[in-house]
Amino acid sequence: MNSPTEHSGRSYAEVYRESVDRPEGFWLTAAEAVEWETPPTRALDDSAAPMYRWFPGAVLNTCFNALDRHVRDGHGDRAALIYDSAMIPAASRTYTYAQLLDEVSRFAGVLTSQGVAVGDRVIIYMPMIPEAAIAMLACARIGAVHSVVFGGFAAKELATRIDDACPVVLVTASGGLEPGRTVEYLPMVEKAMELSDTPPHTVIVKDREQIPGSAADYQGSTSAWFDWDALIADASPVQPVPVAATDPLYILYTSGTTGKPKGVIRDNGGHAVALTWSMHNIYDIGPGDVWWTASDVGWVVGHSYIVYGPLLAGATSVLYEGKPVGTPDAGAFWRVLSDHRVSALFTAPTAIRAIRKADPDAQEITKYDISSLKALFAAGERLDPDTYAWATKVLDRPVVDHWWQTETGWAICANLRGLEPLPLKAGSPTVPVPGYRVEVLDGHGDAVPAGTEGSIVIALPLPPGTLTGIWHDPERYVTSYLAAFAGYYLTGDSGYVDEDGYVFVLGRSDDVINVAGHRLSTGSIEAVVAGHAAVAECAVVGIRDELKGQRPSGYVVLKAGVDIDPETLRSDLVSMVRDQIGPVATFRDVTVVAALPKTRSGKILRKTMRQIVDHEEYTVPSTIEDVAVLEALKKQLRG
Ligand code: COA
Ligand code: AMP
């Protein structure tokens, strides 16, 4: 018998049509692949539209579906998680489903004994070690809501997230390992707790012997600090707690156009159904396949496809601590593929560009047996045709771009390898995934003809697994996503659909930028730069970068009478951004300019500035305040 996620023998077009014409039946059938405490009788609850909920009345536990059911069904000895550390190879280890279930249920016991209950928030600020996934699954097991904060963010960003999520417990590690340096987390955690108005009452620290600092060093501060290993040694395992399908599983903060990050809320039921469906239909991965997402658990890609998706599908997931290059060389990815007989790899185009830069002829690949690899999936930023062509040539396998966002949690557009592989086109993530009604609109909300660029929107309701709101800020959900075009979700990306229905995503149409697959807000960097004593005003724009896709570039107007050496200013601003946002902002360029071009209402013309720097064609907006400012800037920036 086929699994409910299989659409045996049916075409993409047929399945897509069914998903949009008969969504109730479509998603209720997909939901049969998940095990429920109370199965759903309805798919969509539109009673509070435009706020939609999926599988009202149904009850399940996500962790049970990711772990217990596979063990119960006799697959306890199958590998669940392969921790491969290029930083400390000796630490690498494999967890079977039975072992992972044991660790997770005992850490769930730890959290319970620390007073964490259903609906409580737990912040997880960890490097790429298995305990990060264990902590996430343990939260899911007891119905607590995790919020993972990427390790490349500094104390202030962590504090902002603490204040918004109001966690009762923070789980961390003594630190992370970056090539050539260690990143000590505990001083940052302590600083974040000091900056925060709502510090958690408990901090749990996974001690890594390579990195100084432990829970014992921080006793006596506002919270109680505990050692992970000591707590887990005494912990009793706990059983999964059934929760409503509509209850939150996690909050993941992402950059919006303002400095304040948005807490994207993901539910339990829609998420489990959508990810289970996606593993089979998009990625063609099933029980026992080895799947590797080379990303970080701090990003949505890591949530969906390092942790939840592969485990829900009963597959083996590789959790890799290392980089594509320099750990130790450009063969790192090929080594992992070969060591673990990986069936499919998912990474960001930046990683491929980094490998290409270090090893243009892909000499390293010849040293490894990567015959197990069926396909390479890319997302997180646009897969430029040049990188696509190179990867296709050196791998001699399908290189599959797919487009999605933190908000959606899974792909909006993809080439569905498990359903019906379609011809690949360079520069396109192919076609809308079943459930997503993608359209391209002009500024008036009218659909544009094929081939014409516009705002990419998705007709409401969004499918299961997508965001159900913004934490503590329902109004912001409406203003950020639903207010621009009635009846549609605004993706913030612009692009077009070609004659064959292929979607081409060209870039953000707002002030969000994508640096090495990391999503950042130029507004938050501007807020830091504006805090320098010499700066009167500033603009940060995302300019083209050969390796990282984009990088932030700062344009600064000095206060009258200030005389500061440009290199001193640059180095001040670079350290301020590093300290307040984190190294991941990759802020290095600072240019002092006489004035910033603005509209008559005072809005800085960031897009025009970016077009000037990137040597693109641009039209001078009719609302410009002083065209001479733009001319002077052009002269300075283009020479
Ligand atoms: N903790 C602390 N610092 C971190 C960090 C982490 N988890 N991740 C990155 N950083 C630091 C880096 O060490 C670097 O610091 P530096 O300025 O002192 O050199 C800085 O942040 C910038 O990092 P990054 O832009 O990632 O560059 P990199 O040289 O470290 O790595 C790539 C380049 C291509 C390997 C890396 O960007 C990559 O793998 N990108 C893919 C991103 C991704 O997975 N996105 C998710 C969507 S799939
Ligand atoms: P994030 O929320 O960090 O996943 O970033 C989402 C943003 O990354 C999207 O809105 C796009 O701008 C960009 N993005 C992600 N995947 C792709 C892709 N395949 N093609 C083009 N842009 C992408």
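Indexing begins at 1, ligand by ligand and atom by atom, following the structure's order.
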Chemist: Between the candidates Ser494, Gly380, Gly495, which shows the shortest non-hydrogen contact distance to atom 14 (N) of ligand 2?
Modeler: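 Among Ser494, Gly380, Gly495, the closest heavy atom to atom 14 (N) of ligand 2 comes from Gly380.
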Chemist: Give yes if a backbone or side-chain nitrogen or oxygen of Ala378 is under 3.5 Å from a nitrogen or oxygen of ligand 2, and no if not.
Modeler: no
Chemist: So which heavy atom in the protein is nearest atom 11 (C) of ligand 1, and how far is it from that ligand atom?
Modeler: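 Looking at atom 11 (C) of ligand 1, the protein heavy atom closest to it is Arg181 NH2, 3.5 Å.
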Chemist: Any side-chain donor paired with an acceptor under 3.5 Å for Ser278 and Tyr305?
Modeler: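 Yes.
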Chemist: Hey, is atom 4 (C) of ligand 1 touched by any protein heavy atom at less than 4.0 Å?
Modeler: yes
Chemist: Heavy-atom contacts with Ala348 under 4.0 Å: which atoms of ligand 1 show up? List them by number with element.
Modeler: 41 (C), 48 (S)
Chemist: Report yes or no: does a heavy atom of Arg588 sit under 4.0 Å from some atom of ligand 1?
Modeler: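 A heavy atom of Arg588 does come that close to ligand 1.
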Chemist: If you measure every N/O of Thr350 against every N/O of ligand 1, is any gap under 3.5 Å?
Modeler: no
Chemist: Please report whether atom 33 (C) of ligand 1 has a protein non-hydrogen atom at a separation of less than 4.0 Å.
Modeler: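 Not a single protein heavy atom is under 4.0 Å away.
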Chemist: State which residue, out of Tyr488, Trp403, Trp410, Tyr16, fulfils the ring pair (Phe, Tyr, Trp, His ring centres under 6.0 Å) condition with Tyr436.
Modeler: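 When Tyr488, Trp403, Trp410, Tyr16 are each tested with Tyr436, the ring pair (Phe, Tyr, Trp, His ring centres under 6.0 Å) holds only for Trp410.
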Chemist: Hey, is ligand 2 close enough to Thr491 that some N/O pair sits below 3.5 Å?
Modeler: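 For ligand 2, there is no N or O atom that lies under 3.5 Å from one belonging to Thr491.
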Chemist: Got a salt bridge between Glu616 and Arg544, using NZ or NE/NH1/NH2 to carboxylate O under 4.0 Å?
Modeler: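 Salt bridge: yes.
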Chemist: Just to confirm my output: which protein heavy-atom neighbour is closest to atom 40 (N) of ligand 1, and how far is it?
Modeler: Ala516 O, 3.4 Å
Chemist: Would you call Arg578 a ligand 1 contact, heavy-atom distance under 4.0 Å?
Modeler: yes
Chemist: Within the 4.0 Å heavy-atom shell around Asp401, which atoms of ligand 2 are there?
Modeler: 18 (C), 19 (N)
Chemist: Taking both backbone and side-chain atoms of Glu407, is any N or O found less than 3.5 Å from an N or O belonging to ligand 2?
Modeler: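 No, since none of the N or O atoms of Glu407 sits under 3.5 Å from an N or O of ligand 2.
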Chemist: Regarding atom 48 (S) of ligand 1: of the candidates Ala379, Gly582, Pro583, Gly517, which has the closest heavy atom?
Modeler: Ala379
Chemist: Salt-bridge test for Arg356 and Asp386: reply yes if a basic N is under 4.0 Å from a carboxylate O, no otherwise.
Modeler: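 So Arg356 pairs with Asp386 through a salt bridge.
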Chemist: Under 4.5 Å between any side-chain heavy atoms of Phe153 and Leu158, yes or no?
Modeler: no
Chemist: With a 4.0 Å cut-off on N to O distance, would you call Arg519 and Glu407 a salt bridge?
Modeler: yes
Chemist: Can you pull out the closest protein heavy atom to atom 13 (O) of ligand 1? Residue, atom name and distance to 0.1 Å, please.
Modeler: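 That would be Glu178 OE1, 2.5 Å.
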Chemist: Any non-hydrogen protein atom below 4.0 Å of atom 38 (C) of ligand 1?
Modeler: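 Given the 4.0 Å cut-off, atom 38 (C) of ligand 1 does not count as touching protein heavy atoms.
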